[in-house]
Amino acid sequence: MRVATWNVNSVVVRLPQVLAWLGTAEPDVLCLQELKCSTDAFPYEEIRELGYEAQAHGTGRWNGVAILSKVGFEDVVRDLPDQPGFQAEDSMIEVREPRAIAATCGPVRVWSVYVPNGREVEHPHYFYKLKWLDALRAASVQDAAGERPYAVLGDFNIAPTDADLWDPSAYEGMTHVTAPEREALAALQGTGLQDVLPRPLKYDQPFSYWDYRQLAFPKNRGMRIDLVLGNKPFATAVTDAYVDREARKGKSPSDHAPVVVDLDL
DNA sequence: ATGCCATTCTCAGAATGA
């Protein structure tokens, strides 16, 4: 089977690209992030016409995650257990954002996650990011150690190593590369998950994100921040993994490309 | 050409992204 993850930066705007990609890549399971639409506004019908059921979790303007499946759904869960919320500096209330959804699709259980950005090092959003990652770690402990193939897929907003950056010196002092973020990611992997490293279709590094500005994509100034972390039964079933950078081309693309994993399952 | 920031909400500009 084939599973994939893709931050689409608005599923409503990107619907033509998503439908076209489903038609050509034909994943069995596709995790989406940054829906930027409510659960009710998700384009279920258009996706159903291609043979996919969808489970979405969104509130409108920001965030939002979904799972598309050709092989059914069981045990759908919205939000991490004990998922922290974010409290803006000018707000009295902590808001839990739609950043995680899980489901069992055929033989695999997956989380589709959109890890908080962090904004700036030491910003409240940065500490929120670290806390959120710890909640994700806690949520993974049982399934990561289990016999069933299990993976956490999504936009982690962390480059695991400097090799995942087009120019490490360009990111000094920035989020996405700091030691605490990488340690939180390593702790998640420590539950028994390994980074399924995709092969690049061009150049040497399998970037999954390129900024819209300053010709970042044509110059291949990218980052690998969209990850697939699989437990042992998942990782040992992997037959191929790649970043479909073709999807970053064309008119009005997302700034992320899909990460695709083929499995002998 | 892969090409110089996008999206959403509210209605021109802020907020967010990374």
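Values below: every heavy atom of this structure, side chains too, minus hydrogens, waters and symmetry copies.
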Within the structure shown, what part of the strands sits under 4.0 Å from R221(A) by heavy-atom distance: base, sugar-phosphate, or nothing? nothing
Charged N to carboxylate O below 4.0 Å: is that the case for R137(A) and D134(A)? yes
For K36(A) and N9(A), test the side chains for any donor-to-acceptor distance below 3.5 angstrom and give the result as yes or no. yes
Taking dA1(B) as the reference, what is the distance to dG13(B) when you measure between their P atoms (whole Å, please)? 36 Å
Using a 4.0 Å heavy-atom cut-off across all strands, classify S254(A) as base, sugar-phosphate, or nothing. nothing
CZ of R245(A) versus P of dG3(B): gap in Å, rounded? 11 Å
I want to check something: taking the side chain as every heavy atom from C-beta on, are L188(A) and F156(A) in contact at a cut-off of under 4.5 Å? yes
Just by protein heavy atoms under 4.0 Å, how would nucleotides 10-18 of chain B read 5' to 3' in B, S and -? ----B-SSB
Is any side-chain heavy atom of V110(A) closer than 4.5 Å to one of Y150(A)? no
Can you list, in residue-number order, the parts of residues 159-170 of chain A that come under 4.0 Å of DNA chain B, counting heavy atoms only? none
Between Q214(A) (CD) and dG3(B) (P), how many Å, whole number? 16 Å
Over how many whole Å does the gap from F217(A) atom CZ to dA6(B) atom P extend? 15 Å
Any residue meeting salt bridge (Lys or Arg N to Asp or Glu O under 4.0 Å) with R109(A), in chain and number order, not counting sequence neighbours: D143(A)
Within the structure provided, determine whether E34(A) and N63(A) are in side-chain contact (heavy-atom separation under 4.5 Å). no
